[in-house]
Amino acid sequence: MNLLNLNPDNRESFSKIVQTLVQKHHTDAKEMFMHALESEADSEMNYWMTMVLVQEYGVSAQMEVGKDAAGESVKALQAACLLQNVGVVAALLELGGFKGSVTDKEYQLAARIASQHEDQAVLGVLMKYAQ
């Protein structure tokens with residue numbers, strides 16, 4: 001599934017970038033994932049970086065990235081919705097970035113966050129995935 005209909009041929013260049021950063025510069029894959037999550041760069045860049053980091057470097061698509069004010073776990077998918085990062089949202093949905101089904105707590109929380117922000121791009125990706 002490719003929720004953003006991106007050209008899969010473009011993945012290779014991102015894979016090479018990540019490989020160089022990890023092998024030559026000893027950059028931590030989880031740190032790069034956090035940068036992609038927080039990035040305001042192009043959606044395609046964030047999408048492919050997330051895909052490569054999860055699929056090739058073992059970063060968890062369900063990684064906890066923090067705690068909310070009530071002490072509840074905040075997963076990467078929810079953070080991506082909060083940050084309105086459609087590329088990371090799409091990648092994490094495709095990679096199983098939440099537990100349960102689209103009617104369970106984690107997915108519904110992500111949808112509520114996107115709805116509260118009135119982020120049509122993120123909402124569109126969430127709805128396309130739910131179908």
Side-chain angles (χ1 to χ4, degrees):
M1 178 182 289
N2 187 334
L3 292 169
L4 297 179
N5 297 318
L6 299 173
N7 183 346
D9 295 335
N10 294 340
R11 178 192 171 112
E12 186 59 31
S13 61
F14 292 99
S15 184
K16 288 179 183 179
I17 290 168
V18 173
Q19 181 180 25
T20 299
L21 289 169
V22 169
Q23 292 178 355
K24 291 186 179 179
H25 301 288
H26 307 290
T27 306
D28 181 55
K30 288 180 183 176
E31 184 179 320
M32 281 191 283
F33 178 80
M34 292 302 291
H35 286 292
L37 178 65
E38 297 170 348
S39 175
E40 294 180 8
D42 179 70
S43 295
E44 183 171 12
M45 178 181 157
N46 293 333
Y47 175 86
W48 288 122
M49 291 296 283
T50 301
M51 294 296 278
V52 167
L53 290 164
V54 171
Q55 293 176 327
E56 297 177 23
Y57 292 90
V59 175
S60 172
Q62 294 186 16
M63 184 168 82
E64 180 182 308
V65 296
K67 301 272 185 193
D68 67 9
E72 291 289 322
S73 173
V74 175
K75 295 225 176 152
L77 177 61
Q78 289 123 17
C81 289
L82 277 169
L83 296 168
Q84 299 174 307
N85 190 331
V86 70
V88 174
V89 168
L92 290 175
L93 288 172
E94 293 173 26
L95 294 165
F98 62 95
K99 290 182 182 173
S101 73
V102 296
T103 59
D104 289 337
K105 179 182 174 181
E106 287 186 21
Y107 186 88
Q108 290 299 309
L109 178 57
R112 277 194 305 276
I113 291 167
S115 180
Q116 287 175 338
H117 284 284
E118 298 180 3
D119 188 323
Q120 298 304 313
V122 172
L123 279 169
V125 168
L126 288 165
M127 293 305 157
K128 186 175 181 180
Y129 178 82
Q131 291 176 343

* Would you please test E72 and Q78 for side-chain contact (heavy atoms from CB on, under 4.5 Å) and show each step? => CA-CA 12 Å; E72 291 289 322; Q78 289 123 17; over 6 Å; no

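In this structure, the separation between OG1 on T50 and CD on E94 is 10.5 Å, given to the nearest 0.5 Å.
Proximity of N10 to E44: side-chain heavy atoms (C-beta onward) are separated by under 4.5 Å at one or more points. Looking at heavy atoms from C-beta onward, M63 lies out of side-chain contact with L37 at the 4.5 angstrom threshold. Side-chain contact between W48 and E12 is absent, with no heavy-atom pair separated by less than 4.5 Å.
Each of V89, D119, I113 was evaluated against Q84; a single residue qualifies, D119, per the side-chain contact (heavy atoms from CB on, under 4.5 Å) test.
Minimum interatomic distance between Y107 and L93 (heavy atoms only, all atoms of both residues): CE1-CD2, 3.7 Å. Listed here is the closest heavy atom pair of V102 and A130: CG1-CA, 4.1 Å.
Listed for the Q62 side chain is a donor-acceptor partner under 3.5 Å among the backbone atoms of G96.
Here D104 pairs with nothing under the side chain to side chain donor-acceptor pair (under 3.5 Å) rule; sequence neighbours left out. With sequence neighbours excluded, the residues that form a side chain to side chain donor-acceptor pair (under 3.5 Å) with N46 are S39, N85.
Residue K99 qualifies as open at atom NZ: its count of foreign heavy atoms under 6.0 Å is 12 or below.
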